[in-house]
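Excluded from the calculations below are hydrogen atoms, water molecules and symmetry mates; all remaining heavy atoms, backbone and side chain alike, are included. Chain naming here is simple, since letters A, B, ... match the order of the sequence lines and numbering starts at 1 in each.
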Amino acid sequence: MARILITSALPYINGVKHLGNLVGSILPSCAYARFMRQRGHEVMFLCATDEHGTPAEIAAAKAGVPVEAYCAEMFEVQKKLCEGFGISWDWFGRSSSAQNRALTQHLAGELDKAGLISEVEERQFYSPTDGRFLPDRYVEGACPNCGYARARGDQCENCTKLLDPTDLLDPHSAISGAKDLEIRATKHLYLRQSAMRERLRAWISSKQDWSNLVSSIARKWLDDGDGLQDRSITRDLKWGVPVRKGDQPWPGMEGKVFYVWFDAPIEYIASAAEWAEARGLPDSAWRRWWRTDEGAADVRYVQFMGKDNVPFHTINFPATIMGSGEPWKLVDLIKGFNWLNYDGGKFSTSQGRGVFMDQALEVLPDSDVWRWTLLSNAPEGSDSDFTWGILQTALNKDLADVLGNFVSRVTKFSAAKFGETLPEGGAPGPLEAELTEALDKALTAYAAHWEAVEIRKAASELRAIWSLGNDYLQRAAPWSSFKTDPALAAQTVRVGVNLARLYAILSAPFIPEASGKILRALNLPEEETLKAWPADAASALTALPAGHAFAVPENLFRKMEDSGREALEARFSGVAA
RNA sequence: GGUGAGGUAGCUCAGCUGGUUAGAGCGUCGGACUCAUAAUCCGAAGGUCGGGGGUUCGAGUCCCCCCCUCACUACCA
């Protein structure tokens, strides 16, 4: 038994996430965690909301509530939605927790002791009307290059020219529209990443099993332009972790907070501390997952994220951890995902384009359908497309026809001919031998794909395993043999129902609801059965003996008609209301 | 502009360090079967691997040039 630490990129607090966010980190991390638990490993699967920063403050202001209340509410909304998708984390925390505040301040203090923090005076736009400093992208004005009136301070989206906010003509606040902007000097702390460049490079180079996507993004940051730059870790905001050196004040930094990119990944660790506190466990219970000197040396740590998050997990956060000089667990495998596009275009939170998590469950409440569709089409190798046609195919063909119909035909036939207990008689023959051989190969491949975190390949192998069942039934044809040799048909039926049990176990990482339905129909205890991962096909096909009572389950999946698909396509075309 | 990723059958995608007739699912066509959610199973057709040049006995796979798509570009997190 191994110990597996799993984290999903933290969803930002300001609103409901779309399917692209879901498939890029939360969903695959959940499926992977479920697989590892079923294999008998000890799993700690953590996630949290990322709550600090300017967008949260602005979203709260727009909603007319204090930012703390806004975050508390959105945390509950996001938590419920994820639970609706069957997300199986051990703890879903909040980056605004007391634990994260303390740990962030502590790590900043350690970095300072190590000489890795520098103070830099910079000049930023300040808006007296808004009462805040404005990040570049919250300053708008006319583009000096093309004249576009609503260029943002970081880039003109019309001519794509990169800008400095001071370049803008007629600059004003994107929040209030105020024009009385002034440039103020302000002092900030920088993490001296440049000093850790070679250490980071050596660490990154040692990771041979990272994907091309992840490695190349990491290398780019090390070597782009003048190489790895130091990076500001503080902001002039109210909503965030107050800047302190451990538990001591930080002279000159009064009233400032840590920049959200700095405290958010630290929440991976802090969320484990939240978990321990919520369960009344001692600190050692969570530190054995995170401190290599307190038991975490044998932990395997896998992170899931979209490609936009890769720099933070390959460069910035490791720099924080390594720089502290303390023995915190570093990530072993980073699983990065590309983008999921919506019908050829981009999912967009700001434009309301695509399908959001709340809408998805509203129009199609069976979360297994979403899990299977999204995971079996996950954007692993390249950006990939979500369309309603793909969902319809995944539901109708894979889930309903290949898996659902298999369970249906085998249980119904058995019940009709032999009653609702597994019949006796017959003995395995050549067909069973062939099935066993094919299944053994497939089981090995399936588990290997999960071990390598190859989600699409695992899905494809699972589908092939489902198909083996139909192939077997087709050739064994118990509906024919029953007329002449009922014992032979009984043998086929026993194998068939055992296949249904096996499918429930193998499929659970993808479709936990359907797995539960199968196991309940087969009168099997869900939790123990899921952990009975098959050692080999032969034992899996004889797990349920003659005499075992079962029931015919309701159809596992209901298909989507073309008219239903068309209605969804129409509803979600272009920009949502 | 810079950097990165990608361009493989009608569609969605696999193809590791270069090696026999380039793969899968869906779709299409044909056949078998009738237990089952008009389900299943078998078979077939379908590709000048974005374009051009080069290296090699041999390239989808390596090198160069070009075209197209997308993302990122450090103050969004």
J.: Using atom P in both nucleotides, what's the gap between B/rC29 and B/rC65 to the nearest angstrom?
T.: 47 Å
J.: Heavy atoms under 4.0 Å, any strand shown: does A/K457 hit a base, just sugar-phosphate, or nothing?
T.: sugar-phosphate
J.: Not counting sequence neighbours, which residues clear side chain to side chain contact (heavy atoms under 4.5 Å, CB included) with A/A195? List them please.
T.: A/L116, A/R192
J.: When the C1' atoms of B/rA71 and B/rC62 are considered, how many whole Å apart are they?
T.: 26 Å
J.: Among all residues two or more places apart in sequence or in another chain, which pass the side chain to side chain contact (heavy atoms under 4.5 Å, CB included) test with A/D401?
T.: A/K397, A/K559
J.: Which class fits the ring pair A/F312 and A/W261: parallel under 30°, tilted 30 to 60°, perpendicular over 60°?
T.: tilted
J.: Test of understanding: with salt bridge (charged side-chain N to carboxylate O under 4.0 Å, His left out), list the residues that count as partners of A/E461, not counting sequence neighbours.
T.: none
J.: What does A/S467 touch in the nucleic acid at a heavy-atom separation under 4.0 angstrom: a base, only the sugar-phosphate, or nothing?
T.: sugar-phosphate
J.: Give me the distances for all protein-to-nucleotides 2-9 of chain B N/O pairs that come in under 3.5 Å?
T.:
none

J.: Between A/F482 and A/F418, is the ring centroid distance below 6.0 Å?
T.: yes
J.: Assign A/R456 to base, sugar-phosphate, or nothing according to its heavy-atom contacts below 4.0 angstrom with the strands shown.
T.: sugar-phosphate
J.: If you assign A/V410 and A/R475 each to the RNA chain B nucleotide with the nearest heavy atom, which residue ends up on the more 5' nucleotide?
T.: A/V410
J.: With sugar-phosphate meaning primed atoms plus P, OP1 and OP2, does A/S384 contact a base, only sugar-phosphate, or nothing at under 4.0 Å between heavy atoms?
T.: sugar-phosphate
J.: By ring pair (Phe, Tyr, Trp, His ring centres under 6.0 Å), which residues pair with A/F133, not counting sequence neighbours?
T.: A/Y126
J.: Using the C1' atom on both, measure B/rG18 against B/rG54 and round to a whole Å.
T.: 15 Å
J.: Classify the nucleic acid contact of A/N555 as base, sugar-phosphate or nothing, counting any heavy atom under 4.0 Å across all strands shown.
T.: base
J.: Under 4.0 Å, heavy atoms only, any strand: does A/L556 hit a base, just the sugar-phosphate, or nothing?
T.: base
J.: Does any N or O in the side chain of A/S97 come within less than 3.5 Å of the main-chain N or O of A/R94, such that one atom is a donor and the other an acceptor?
T.: yes
J.: Looking at B/rA77, I'd like to know if its phosphate oxygens (OP1 or OP2) sit under 4.0 Å from a side-chain N or O belonging to A/Y259.
T.: yes
J.: How would you label the contact of A/G227 with the nucleic acid (heavy atoms, under 4.0 Å): base, sugar-phosphate, or nothing?
T.: base
J.: What contact category does A/Y138 fall into here, base, sugar-phosphate, or nothing, at under 4.0 angstrom with non-hydrogen atoms?
T.: nothing
J.: Taking the side chain of A/W339 as its heavy atoms from C-beta onward, which of B/rG15, B/rA71, B/rA36 lies nearest to it?
T.: B/rA71
J.: How many whole angstroms separate atom CH2 of A/W261 from atom C1' of B/rA74?
T.: 10 Å
J.: On RNA chain B, check which nucleotide each of A/N309 and A/K412 is closest to and give me the residue with the more 5' one.
T.: A/K412
J.: Side-chain contact test, heavy atoms from C-beta onward, threshold under 4.5 Å: evaluate it for A/W210 versus A/L333 and give yes or no.
T.: yes
J.: Let's see if you can work this out: which of B/rA77, B/rC41, B/rC75 has an atom nearest to the side-chain heavy atoms of A/Q124?
T.: B/rC75
J.: What contact category does A/P55 fall into here, base, sugar-phosphate, or nothing, at under 4.0 angstrom with non-hydrogen atoms?
T.: sugar-phosphate
J.: If the plane angle is over 60° it's perpendicular, under 30° parallel, otherwise tilted; pick one for A/Y268 and A/H313.
T.: tilted
J.: When the P atoms of B/rU40 and B/rA77 are considered, how many whole Å apart are they?
T.: 49 Å
J.: For A/L395 and B/rU12, what is the distance between atoms CG and P respectively, to the nearest whole Å?
T.: 20 Å
J.: Check every atom of B/rC13, B/rA74, B/rU37 against the side chain of A/R231 and return the nucleotide holding the closest atom.
T.: B/rA74
J.: For A/A394, what residues pass the side chain to side chain contact (heavy atoms under 4.5 Å, CB included) criterion, not counting sequence neighbours?
T.: A/W372, A/T373, A/D398
J.: For B/rG46, does the O4'-C1'-N9-C4 or O4'-C1'-N1-C2 angle fall within 90° of 0, making it syn, or is it anti?
T.: syn
J.: If the condition is salt bridge (charged side-chain N to carboxylate O under 4.0 Å, His left out), which residues does A/D223 pass it with, not counting sequence neighbours?
T.: A/R197, A/R201
J.: Tell me the interatomic distance from A/N341, atom CG, to B/rU12, atom P, rounded to whole angstroms.
T.: 11 Å
J.: Measure from CD1 on A/I233 to P on B/rC75 and round the result to the nearest Å.
T.: 13 Å
J.: Rounding to a whole Å, what distance do you find between A/N100:CG and B/rA77:C1'?
T.: 15 Å
J.: CG of A/D401 versus P of B/rA38: gap in Å, rounded?
T.: 9 Å
J.: When you compare B/rU34 with B/rC42, how far apart are their C1' atoms, in angstrom units rounded to a whole number?
T.: 15 Å
J.: Distance between the C1' atoms of B/rC26 and B/rA14, in whole angstroms?
T.: 15 Å
J.: Expressed as a whole number of Å, how far does the P atom of B/rA5 sit from that of B/rG43?
T.: 39 Å
J.: Can you tell me the distance, in whole Å, between the CZ atom of A/F413 and the P atom of B/rA39?
T.: 21 Å
J.: Name all pairs fulfilling the side chain to side chain donor-acceptor pair (under 3.5 Å) condition that reach into residues 487-499 of chain A, sequence neighbours left out, sorted by first residue then second.
T.: A/Q491-A/R494
J.: Tell me whether the centres of the aromatic rings in A/F337 and A/W339 are closer together than 6.0 Å.
T.: no
J.: What does nucleotides 23-34 of chain B look like as a protein-contact string, B for base, S for sugar-phosphate only, - for none, at under 4.0 angstrom between heavy atoms?
T.: --SSS----BSS
J.: Which helical stems does RNA chain B take part in, if a stem means at least 3 consecutive Watson-Crick or G-U pairs with both distances below 3.5 Å?
T.: B:1-7 with B:67-73, B:10-13 with B:23-26, B:28-32 with B:40-44, B:50-54 with B:62-66
J.: With A/K238, which residues qualify under salt bridge (charged side-chain N to carboxylate O under 4.0 Å, His left out), at least two apart?
T.: none
J.: Nearest to the A/N405 side chain among B/rA39, B/rC41, B/rC13, which nucleotide is it?
T.: B/rA39
J.: Mind checking if A/N316 touches a base, just sugar-phosphate, or nothing, with heavy atoms under 4.0 Å?
T.: nothing
J.: Say you pick atom C1' in B/rA22 and the same atom in B/rG60; how far apart are they, in whole Å?
T.: 8 Å
J.: For the pair made of CG in A/L340 and P in B/rC13, what is the distance, rounded to whole Å?
T.: 9 Å
J.: Taking the minimum atom-to-atom distance to the side chain of A/F312, which one of B/rU40, B/rC75, B/rA77 wins?
T.: B/rA77
J.: Just to verify, what does A/Y138 make a ring pair (Phe, Tyr, Trp, His ring centres under 6.0 Å) with, not counting sequence neighbours?
T.: none
